[in-house]
Each structure stands twice: as structure tokens, then as C-alpha cells.
Engineer: 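I'd like to ask some things about the structure below.
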Amino acid sequence: MPTQSDLADRFLELHLPGTPLLMPNAWDAGSAKVLEHLGFEAIATTSSGFAASRGGLDGSVTLEEVLAHATALTQAVSIPVSADFENGFADDPQGVAQNVDRAVATGLAGCSIEDFARSEEKPIYDLSLATERVAAAAEAAHRSDVHLALTGRAENFVHGNPDLDDTIVRLRAYADAGADAVFAPGVQSAEGIRAIVEAVDVPVNVLALPGTPTVRELASIGVARVSVGGALAFAALGALVEAAEELRERGTYDYWSLAGPGSQAARAAFGAGE
């Protein structure tokens, strides 16, 4: 089995501009194992998908729950796991650093820190504080033998401020503060993504949303990583809704067209017959 340091180093190596790492987001140990079985080289957690698995909305899980979740996923697979670590579960830089220390201890290869302040009145941290928070997170992520890959996230576009110029200023500041990669979820246009890639000197992650350029197009722009957020978790819930409604409304079992292959994939991923 690779060590945590090996996994963290491998995770960074997989960030190749022009050959984007496809990093699906798992919501539990079972989905993580299936994604590994399907051949993905790294996975991430999803805050919204994990919250949904616990019957809650995004932002409702606690630090302790996220740390336990990260531990469960890193123990389930032998590929790098990066955590959606939300805002670090603290406002002050010292608190963020302490919590990133705890994240490192779960076996993760990477994590992200966002600048969403969890406030309706002022949803995004001021740039100076946001940058200090990333700097503190980076110092904690990099100080041990494990170089945890830290992603700095600018949340403008998903929290009511679709200002590309401010987003680029923030991403550059986060990269200068020590982030190994940057991410601005919600930026979907090829022009906006290209502007970000050209403005920073670290790998850029893109969130795959409806209307986002294809992976091939993102590769041509120089994107280094593509993630899907909670999409796979909610696709699974969508299949659940369709199957349950078919059973209730029609009394038929056509959902086995998906359930059969899903069962086979699970048995293969979980080691049936070993």
C-alpha cells in the first residue's frame, strides 16, 4: 500500500495543465471504492453530497463529521483523496491551520479552503483575511513529511458576486500565499476559464456544470483538474427517485436496468469472490 506521503506526491503529479485530472467526488466509502474500481486515479469528497447522505443540506455537517468522513474514504481506497474542507471550519487563520492539521491526520492527499464566510450579510471574506487564511492553511498542509496539496477556492460566482476580475485577484493571491492549486466554482465560460489559467502559475480546477466546456475543450485551455461536486451523489438520488416512483406509480421493475449493473459494479469493487 502506498504511504500518505506517496499519495500526496502522486496527487500533485497528476495535475498536468492540458491533461486534466478527472476527479469525481465520492459521498461515502462505497461510492469511493466503485470510482476507484472504475479506474479513476484520484477522488474528492463533496460537502453537499456527504450532507445529503446524512439527510442534510450543504453546510450542515460539523468538523468532526467531515474528519470522520475523510478518514473513512482514505481507508476505503488506495488512491489519493482530496477533501472539500469548506471554509476550514474557522474564521481566523489560526483556527483554519489547526483544523488543516487535523485533516492531514486523516490520511488525505489534499484539501481545499474556500473564502465563503457563511454570512448572508457578507458572504465572502475580505481579500486580506481570505489570503491570510489560505497562507495559514498552506503552512499547516506543508509542514510535515506529507505535502498535502492545498487548493484555494474563490467562491464569488456561486455566492452572488460573478466578478471575474475580483476572482482572478483572489486566486492569484491564494497561489502567492502557498496554494498548490486554485478553483473558482461557477466560472463556466471558456473565456473566463482561460483568463484564470493565464493569470495564475498553479494548476486550475474547473467544476463540471451544465454548459461548461467539454473535457477536451478544457484540456486545450490548459485546465489541470476537473471535478463534479455533488453531481454524482445527486444523480444517484435522481435514479432513486425514478425507481421509487416507477414502483409506486406503475408497479413495474424497469429500474433493474440500472440496478443490475450497479450491483455487479459494487460486487466487483467490494471484492466479491476474493
Side-chain angles (χ1 to χ4, degrees), residues 10-25 40-48 80 82-87 109-117 123-128 130-131 133-135 137-138 141 149-232 235:
R10 176 59 178 157
F11 186 49
L12 281 171
E13 291 170 358
L14 289 169
H15 289 70
L16 300 174
T19 308
L21 167 65
L22 302 182
M23 187 177 69
N25 301 68
F40 288 98
E41 296 185 89
I43 60 171
T45 68
T46 159
S47 62
S48 61
S82 184
D84 177 347
F85 208 52
E86 304 188 43
N87 74 335
C111 75
S112 61
I113 294 293
E114 62 192 38
D115 56 13
F116 177 43
I124 306 296
Y125 292 111
D126 288 337
L127 177 59
S128 59
T131 304
R133 297 172 75 259
V134 171
L150 181 75
T151 299
R153 290 178 49 152
E155 301 285 299
N156 276 335
F157 274 72
V158 290
H159 291 290
N161 183 36
D163 184 331
L164 183 62
D165 289 340
D166 182 68
T167 295
I168 288 174
V169 167
R170 286 173 173 272
L171 295 179
R172 293 183 69 171
Y174 303 161
D176 290 344
D180 298 290
V182 293
F183 181 22
V187 179
Q188 292 180 253
S189 72
E191 294 77 12
I193 295 167
R194 181 176 292 106
I196 291 171
V197 169
E198 292 176 351
V200 299
D201 295 325
V202 297
V204 173
N205 182 84
V206 168
L207 176 64
L209 294 168
T212 300
T214 66
V215 170
R216 179 175 294 182
E217 292 168 331
L218 292 175
S220 70
I221 293 171
V223 169
R225 191 174 80 202
V226 178
S227 58
V228 300
L232 297 185

Engineer: Thr212 vs Val206, test: side chain to side chain contact (heavy atoms under 4.5 Å, CB included). Steps then yes/no.
Structural biologist: CA-CA 9 Å; Thr212 300; Val206 168; 3.9 Å; yes
Engineer: Check Ala138 against Ala179 and note the closest heavy-atom contact, atom names and distance.
Structural biologist: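 Heavy atoms only, the tightest pair is CB-N, 4.5 Å.
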Engineer: Who are the salt bridge (Lys or Arg N to Asp or Glu O under 4.0 Å) partners of Glu155, not counting sequence neighbours?
Structural biologist: Arg153
Engineer: At their closest point, which heavy atom of Pro123 faces which heavy atom of Phe116, and how far apart are they?
Structural biologist: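 Reported closest heavy-atom pair: O-CD1, 3.1 Å.
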Engineer: Within a strict 4.5 Å, meaning less than it, do heavy atoms of the Thr151 and Cys111 side chains meet?
Structural biologist: no
Engineer: Sequence neighbours left out, what pairs pass side-chain hydrogen bond (donor to acceptor under 3.5 Å, both in side chains) with at least one residue falling in residues 165-186?
Structural biologist: Asp115-Arg170, Asp115-Tyr174, His142-Asp180, His147-Asp180, Asn156-Asp166, Asn156-Thr167, Asp166-Arg170, Arg170-Tyr174
Engineer: What heavy-atom pair brings Phe85 and Ile113 nearest, and what distance separates the two atoms?
Structural biologist: CD2-CD1, 3.8 Å
Engineer: Got a second to check how far Leu21's CG is from Ser82's OG, nearest 0.5 Å?
Structural biologist: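 That separation rounds to 9.5 Å.
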Engineer: Could you check if a side-chain atom of Ile193 sits within less than 4.5 angstrom of a side-chain atom of Pro213, using non-hydrogen atoms only?
Structural biologist: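 With C-beta onward as the side chain, the pair touches.
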Engineer: Can His15 and Val202 be said to form a side chain to side chain contact (heavy atoms under 4.5 Å, CB included), step by step?
Structural biologist: CA-CA 9 Å; His15 289 70; Val202 297; over 6 Å; no
Engineer: Between Ser227 and Asn25, do the side chains contain a donor N or O and an acceptor N or O under 3.5 Å apart?
Structural biologist: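 No donor-acceptor contact under 3.5 Å links the two side chains.
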Engineer: side-chain hydrogen bond (donor to acceptor under 3.5 Å, both in side chains): which pairs involve residues 184-202, sequence neighbours left out?
Structural biologist: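 For residues 184-202, and leaving out neighbouring residues, there are no side-chain hydrogen bond (donor to acceptor under 3.5 Å, both in side chains) pairs at all.
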Engineer: Calculate, to the nearest 0.5 Å, the distance between atoms OH and CG belonging to Tyr125 and Leu127 respectively.
Structural biologist: 14.0 Å
Engineer: Could you walk me through whether Leu164 and Ile196 pass the side chain to side chain contact (heavy atoms under 4.5 Å, CB included) test, one step at a time?
Structural biologist: CA-CA 9 Å; Leu164 183 62; Ile196 291 171; 4.2 Å; yes
Engineer: So, for Leu171 and Ala184, which heavy atoms are closest and what is the spacing to 0.1 Å?
Structural biologist: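 Scanning both residues, the minimum pair turns out to be CD1-CB, 4.0 Å.
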Engineer: How close do Ala208 and Val226 get, heavy atom to heavy atom, and via which atoms?
Structural biologist: CB-CG1, 4.0 Å
Engineer: Shortest non-hydrogen contact from Pro24 to Val228?
Structural biologist: CA-CG2, 4.1 Å
Engineer: Say you draw a straight line from CG of Leu232 to CD1 of Ile43; how long is it, rounded to the nearest 0.5 Å?
Structural biologist: 11.0 Å
Engineer: Between Phe157 and Pro185, is there a side-chain heavy-atom distance shorter than 4.5 Å?
Structural biologist: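 With C-beta onward as the side chain, the pair stays apart.
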Engineer: If you round to the nearest 0.5 Å, how far is CG of Leu14 from CG of Leu12?
Structural biologist: 9.0 Å
